[in-house]
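Have a look at the structure below, then the notes.
Remember, it's 1-based here, ligands and their atoms both numbered in the order they're listed.
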Amino acid sequence: MKPRITVVGSVNMDLVFRTPRMPAIGETMHGHEFRQIPGGKGANQAVAAARQGADVSFVGAVGNDGFGDFSKQCLATEGIELANLATVQGIATGVAGILVDDSGHNSIVLAAGANASVSVTQVEAATASIATAKLLLCQLETPLDSVTRAIQIAHQHKVGVILNPAPAQDLSDELLGLVDYLIVNETEASQLSGTSVIDQASAKLASQQLLKRGVGTVLLTMGEHGVVITTKDSSNFLPAIKVEVVDTTAAGDTFVGALAVGLANGLNIVDASSEAQYTAALTVTKLGAQTSIPHRHEVLEFMHKQKAA
Ligand code: RIB
């Protein structure tokens with residue numbers, strides 16, 4: 001049977017400009033191309049989990065507009081259950097303005113729109129969906145009070161909690177104490193631990209500090225520098241999978257969604273992280289968020305090829 005994962009999170013339409021380099025302040029420059037691609041950290045993680053074989057339920061909000069209709073249609077095509085995806089009148093669907101330069105790096109500006117309307121009441125109305133899931137996945141592109149409520153409900157019903165605190169913001173020890181798996185990049189880890197993460201040693205130190213703040217397991221993702229996995233009994237480092245970088249957008253989201261499916265299927269944290277790394281590596285080889293997230297058969301083929309090489 002497929003594991004069921006509930007995602008409480010954001011839906012954005014990504015307005016993506018491919019550009020030779022990042023423009024300077026005050027500069028106007030020509031880019032290579034423009035694309036409109038469905039995104040949002042919550043929606044991306046939901047799509048990643050669905051493409052890796054989970055049954056996914058989504059809790060979030062879009063506006064009553066073209067971006068919202070298209071985003072909803074994309075999520076429905078993935079087989080994601082949308083009974084708790086609200087369509088809000090009079091507020092625009094979330095939008096992300098994304099610049100991707102020739103090295104594949106990006107800069108993102110968000111206009112939260114309908115994502116900001118995801119309320120505690122809406123989350124409480126989705127209690128059945130959270131309480132009966134194998135895992136809950138949350139990020140921070142929806143309001144912190146509603147994310148907190150979702151995590152409390154999951155914890156109360158003994159549902160495992162994965163939090164990807166992106167974009168970074170300060171969080172209480174009380175909330176971190178309810179988180180089973182915290183997935184952070186260098187910036188988020190630095191902000192939440194107070195230790196500046198610049199290499200593997202500082203990543204381990206920051207992770208230890210996050211454990212002290214109450215988190216169960218910390219996965220500190222460092223892009224091309226690999227992943228540090230820290231539990232109270234162990235510390236593991238997985239080097240990154242080398243690929244040709246086209247666009248790193250949604251690589252982190254793919255890692256989170258794939259990790260959730262691995263854990264929900266009973267893999268241990270190191271094996272689940274390793275599979276999630278292969279999944280995220282494929283995402284980096286294509287442009288865009290949901291356009292680049294691979295299906296399970298592509299990941300299996302890729303892992304097979306890489307291990308045989
Ligand atoms: O993590 C990538 C995502 O961040 C993009 O899809 C964009 O919508 C922003 O939410």
Problem set entry | Minimum-distance protein heavy atom relative to atom 8 (O) of ligand 1 | Asp14 OD1, 2.6 Å
Exercise. Which atoms of ligand 1 are found less than 4.0 Å from any heavy atom of Ala289?
Worked result: 6 (O)
Exercise. What residues form a ring-ring contact (aromatic ring centres under 6.0 Å, His included) with Phe67, not counting sequence neighbours?
Worked result: none
Exercise. What do you reckon, does Gly40 have a nitrogen or oxygen under 3.5 Å from a nitrogen or oxygen of ligand 1?
Worked result: yes
For this session: Tell me yes or no: between the side chains of Asp233 and Thr231, is some donor less than 3.5 Å from an acceptor?
Result: no
For this session: Assess whether side-chain contact (heavy atoms from CB on, under 4.5 Å) is satisfied between Ile269 and Leu259, documenting all intermediate values.
Result: CA-CA 8 Å; Ile269 187 66; Leu259 179 95; 4.2 Å; yes
Problem set entry | Glu124 atom CD, neighbour heavy-atom count above 12 within 6.0 Å | yes
Seminar exercise, completed: If you scan protein heavy atoms around atom 4 (O) of ligand 1, the nearest is Lys41 NZ, 3.2 Å
Exercise. Between Leu176 and Ile229, is there a shared hydrophobic cluster once you connect ILVMFWY residues whose side-chain heavy atoms come closer than 4.5 Å?
Worked result: no
For this session: Check each atom of ligand 1 against the heavy atoms of Ala96 and keep those under 4.0 Å away; list them by number with element.
Result: 7 (C), 8 (O)
Exercise. What is the nearest protein non-hydrogen atom to atom 3 (C) of ligand 1, stated with its residue, atom name and distance?
Worked result: Asn44 ND2, 3.7 Å
Problem set entry | Ring geometry between Phe34 and Phe17 (parallel below 30°, tilted from 30 to 60°, perpendicular above 60°) | tilted
For this session: Check if Ser10 has a non-hydrogen atom at a distance under 4.0 Å from any atom of ligand 1.
Result: no
Exercise. Between Thr249 and ligand 1, does any nitrogen or oxygen pair lie at a separation below 3.5 Å?
Worked result: no
Exercise. For atom NE2 of His30, is the number of surrounding heavy atoms from other residues, nucleotides or ligands below 6.0 Å larger than 12?
Worked result: no
Exercise. Should Ile37 be listed as contacting ligand 1, given a heavy-atom distance under 4.0 Å as the test?
Worked result: no
Seminar exercise, completed: Under 4.0 Å from one or more heavy atoms of Gly39, ligand 1 contributes atoms 6 (O), 8 (O)
For this session: Could you tell me whether some N/O pair between Asp253 and ligand 1 is separated by less than 3.5 angstrom?
Result: yes
Exercise. Should Arg21 and Asp101 be marked as a salt bridge (Lys or Arg N to Asp or Glu O under 4.0 Å) after you check the CA-CA gap, both sets of side-chain angles, and the distance that decides it?
Worked result: CA-CA 5 Å; Arg21 58 176 173 77; Asp101 71 14; over 6 Å; no
For this session: Heavy-atom contacts with Leu110 under 4.0 Å: which atoms of ligand 1 show up? List them by number with element.
Result: 9 (C), 10 (O)
Problem set entry | Over 12 non-hydrogen atoms of neighbours within 6.0 angstrom of NE2 in His304 | no
For this session: Identify the protein heavy atom lying closest to atom 9 (C) of ligand 1, giving its residue, its atom name and the separation to 0.1 Å.
Result: Glu141 OE2, 3.5 Å
